[in-house]
Amino acid sequence: MPSDRGLIRARHRLRFSEWADMLPVLAGRAAWRLGPPLVGIALFLALWQVAHWHYGAFILPSPWQTAAATLTALSGLAGWAALGATLARVLVALGLSAVIGGGIGLLAGYVTLIRATLAPVATILLGMPATAWVILTMIWFGPSHGAILFTIAIVTGPILYIGTVDAVRSRDRHLEDMAASFGATALARFHSVALRQILAALGPVIGIALALGFKVAIMAELVTNVAGLGAEMARARAQMDIDMALANVALAVTGLLLIEHLLIRPLQTRTGHWQGPDA
């Protein structure tokens, strides 16, 4: 028994020593990874505070006032309901635009005739202002949830379509040829080789579509006065409550960051594994 306990203690001391040796390396990696973003956030908050001192609280509340108003908005069910409604609409609409726009883009990337036929249509849809779509869908569908979903999908769909077409055309075909030489079927080559490259290339495009989807959702909610962060901003505008208006903006940005880091970033990490540790 004493020898076993001594062996266990020796193993623990060895592990502790290994962790102690690795601690400076891990701390350096964490500082390199988190340091620049934290510095950027600090600079943004500092500029915000300077602008608050210059213009006053009526024009631009301080970051701390905005944080307090955000906590106040989340202290009741209304704030959580507005945030949840906007998040749900963005996720559902982005899923629809990914299935439709991304699916058609996948076909267009492989079939030249489809790509040439849809090229002018994609350009026209991409050039349509989001404000125009908000007004048109409000006339077509009235102030409803469906109008907001359609607006988000029609604005983000062309972006995902063009991004998917470019991802398909820019993939490394030599990898598929290599897989074919080892006897992989066409379906296996698409699933295991081509699709991974396409999804990895779509990461930045999905991030842009997500950010644009939030902007369009809030704009549409503000115009149609349908429940959500946009409707809360319209109410704050009517009451001249700048604190609550900025609080809803902060909630929108928070929702965007949550979706990006909980859904988009893990997807990018998973699809980028084939590229190696530096992907």
Side-chain angles (χ1 to χ4, degrees), residues 29 33 86-127 146 148-217 255-279:
R29 289 181 179 178
R33 184 175 182 180
T86 301
L87 286 175
R89 291 191 188 104
V90 172
L91 286 175
V92 172
L94 204 62
L96 289 174
S97 61
V99 171
I100 299 174
I104 298 175
L106 198 63
L107 291 174
Y110 281 98
V111 183
T112 305
L113 180 60
I114 297 177
R115 183 169 64 251
T117 303
L118 296 181
V121 179
T123 303
I124 293 172
L125 293 178
L126 194 62
I148 299 176
L149 291 176
F150 179 83
T151 304
I152 300 171
I154 199 66
V155 171
T156 58
I159 296 176
L160 293 174
Y161 166 82
I162 294 175
T164 305
V165 171
D166 291 339
V168 172
R169 299 189 66 190
S170 62
R171 74 191 190 280
D172 189 352
R173 294 175 174 81
H174 295 297
L175 295 177
E176 298 179 52
D177 295 337
M178 185 184 301
S181 66
F182 283 99
T185 62
L187 182 61
R189 293 197 302 271
F190 171 76
H191 179 269
S192 301
V193 181
L195 187 59
R196 290 176 180 268
Q197 297 183 69
I198 295 169
L199 291 177
L202 277 177
V205 179
I206 294 175
I208 294 173
L210 175 63
L212 183 60
F214 261 94
K215 294 177 183 179
V216 173
L256 170 63
L257 293 175
L258 285 175
I259 295 178
E260 180 179 357
H261 286 83
L262 294 180
L263 294 178
I264 306 301
R265 292 289 180 86
L267 176 63
Q268 292 178 0
T269 301
R270 184 170 182 178
T271 55
H273 280 164
W274 67 274
Q275 295 174 309
D278 296 331

Check whether any side-chain heavy atom of Leu106 sits under 4.5 Å from a side-chain heavy atom of Phe190, and report yes or no.
-> yes

Min side-chain heavy-atom separation Leu125-Tyr161 under 4.5 Å | no

Can you tell me how far the [atom1] atom of [X] sits from the [atom2] atom of [Y], to the nearest 0.5 Å?
X: Leu96; Y: Leu91; atom1: CG; atom2: CG; result: 11.0 Å
X: Leu149; Y: Leu94; atom1: CG; atom2: CG; result: 11.5 Å
X: Thr117; Y: Leu113; atom1: OG1; atom2: CG; result: 4.5 Å
X: Leu160; Y: Ile100; atom1: CG; atom2: CD1; result: 11.0 Å

Crowded around Arg169 CZ? As in, over 12 foreign heavy atoms under 6.0 Å?
-> no

Closest non-hydrogen atom pair, [X] against [Y]:
X: Gln197; Y: Leu175; answer: NE2-CD1, 3.9 Å
X: Gly105; Y: Thr164; answer: C-CG2, 3.7 Å
X: Val155; Y: Val216; answer: CG1-CG2, 3.8 Å
X: Ala153; Y: Pro158; answer: O-CD, 4.5 Å

For the side chain of Arg115 and the backbone of Gly109, is there at least one donor-acceptor N/O pair under 3.5 Å apart?
-> yes

Can you give each donor-acceptor pair under 3.5 Å made by side-chain atoms of residues 198-214, sequence neighbours left out, with the distance rounded to 0.1 Å?
none

